[in-house]
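Report on the following structure.
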Amino acid sequence: MTLIEGKTVSQAVKERIKNEIARRGIEPCLAVILVGDDPASRIYVANKQKACEACGIRSLKYQLPKETTQKELLALVDRLNADKNVHGILCQLPLPKPLDKRPVLARIDPKKDVDCFHPNNVGKLWSSGAAFLPCTPAGVIELLNYYKIDCTGKRCVILGRSNIVGKPMAALMLKKDATVTICHSRTADLKAVCKEADILISAIGKPKFVTADMVKDGAVLIDVGINRMENGKLCGDVDFDAVKEKASFITPVPGGCGPMTIAMLMQNTLTAYDLQQK
Ligand code: GUN
């Protein structure tokens, strides 16, 4: 079994970005919008800002109260869209109720859409011409490439059909020539489907959901889940200790996919900078 060291790979990606930014003498800028006081979102945003600093990317944080109206939020997006010194815009999800994320994501200038959540960019992701790749799925692809894991013709099973991970992950695995199945809470005989997987990617947010009896011998296990347990520790969707005996490659949680998501956000911010020079 090979442990997929996302932390190490993410550091290499960030180092590459930092060097490029320094060499070119540029200062890309990422604006992050955080509405309300969700504790997990606060931590994610703080980690994104830390990574910006490490790469030489300027970061601006817009912390808005949970009472913010849809109109106020859209007005901020308009202001950031118009600001030539802002290259990337990210609205941290989930938004507190009753805010609706869809009009907000559709309002972000597609050239500044570092999350790749704008409908135009989602469409390009499934056809061609995508400038951005969604951060978490792109981070998984980066890991597969780094460890030279061949996807061609392989059976890839994805657990979870979210817009943030499951669906875009399927698009990227199709581009890698895998045969892709997306499973979800209504999938019949989930265990049998998972057992067919050469590459099993879980993004459902259920601690230790993927057990050893669901895994084929020699499978590649990619765990996108980040679940906080009662004792405060983080754990993935995969029962790591039991599954690692059967896996050929496996990502840990923490230190697997999480750091890669942030590294790919840095990459997308640099891409956004370049798009705006054209
Ligand atoms: N919430 C959980 N993951 C993400 C992400 O990748 N981007 C944003 N904006 N919010 C998130």
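Both ligands and their constituent atoms are indexed starting at 1 by order of listing. Along the sequence shown, residues carry numbers from 1.
Listed here is the closest heavy atom pair of Val13 and Ala263: CG1-CB, 3.9 Å.
Just one residue in the list Leu221, Asp223, Ile222, Leu200 forms a side-chain contact (heavy atoms from CB on, under 4.5 Å) with Asp237, and that residue is Asp223.
The residue Pro134 has no part lying near ligand 1, judged by heavy-atom distances below 4.0 Å.
Residue contacts with ligand 1: Ile164 is placed with no nitrogen or oxygen under 3.5 Å of a nitrogen or oxygen of the ligand (distance criterion only). Here's the thing with Phe117: none of its N/O atoms is less than 3.5 angstrom from an N/O atom of ligand 1.
Of the protein's heavy atoms, Gln92 NE2, 3.4 Å lies nearest to atom 11 (C) of ligand 1. Nearest protein heavy-atom neighbour of atom 1 (N) of ligand 1: Leu93 O, 2.9 Å. Here the protein heavy atom with the shortest distance to atom 7 (N) of ligand 1 is Asp115 OD1, 3.1 Å.
Atom NZ of Lys111 has 12 or fewer neighbouring heavy atoms from other residues, nucleotides or ligands inside a 6.0 Å radius. More than 12 non-hydrogen atoms from other residues, nucleotides or ligands lie less than 6.0 angstrom from NZ of Lys246. The neighbour count for Lys18 NZ, taken as heavy atoms of other residues, nucleotides or ligands under 6.0 Å away, does not exceed 12.
Residue contacts with ligand 1 leave out Cys135, since none of its heavy atoms falls under 4.0 Å from the ligand.
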### Message
Working note: Leu159 + Ile201, criterion side chain to side chain contact (heavy atoms under 4.5 Å, CB included); need CA distance, chi angles, decisive distance, verdict.
### Response
CA-CA 6 Å; Leu159 301 185; Ile201 303 175; over 6 Å; no
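In summary, the atoms of ligand 1 found under 4.0 Å from a heavy atom of Leu90, numbered by their order in the structure, are 9 (N).
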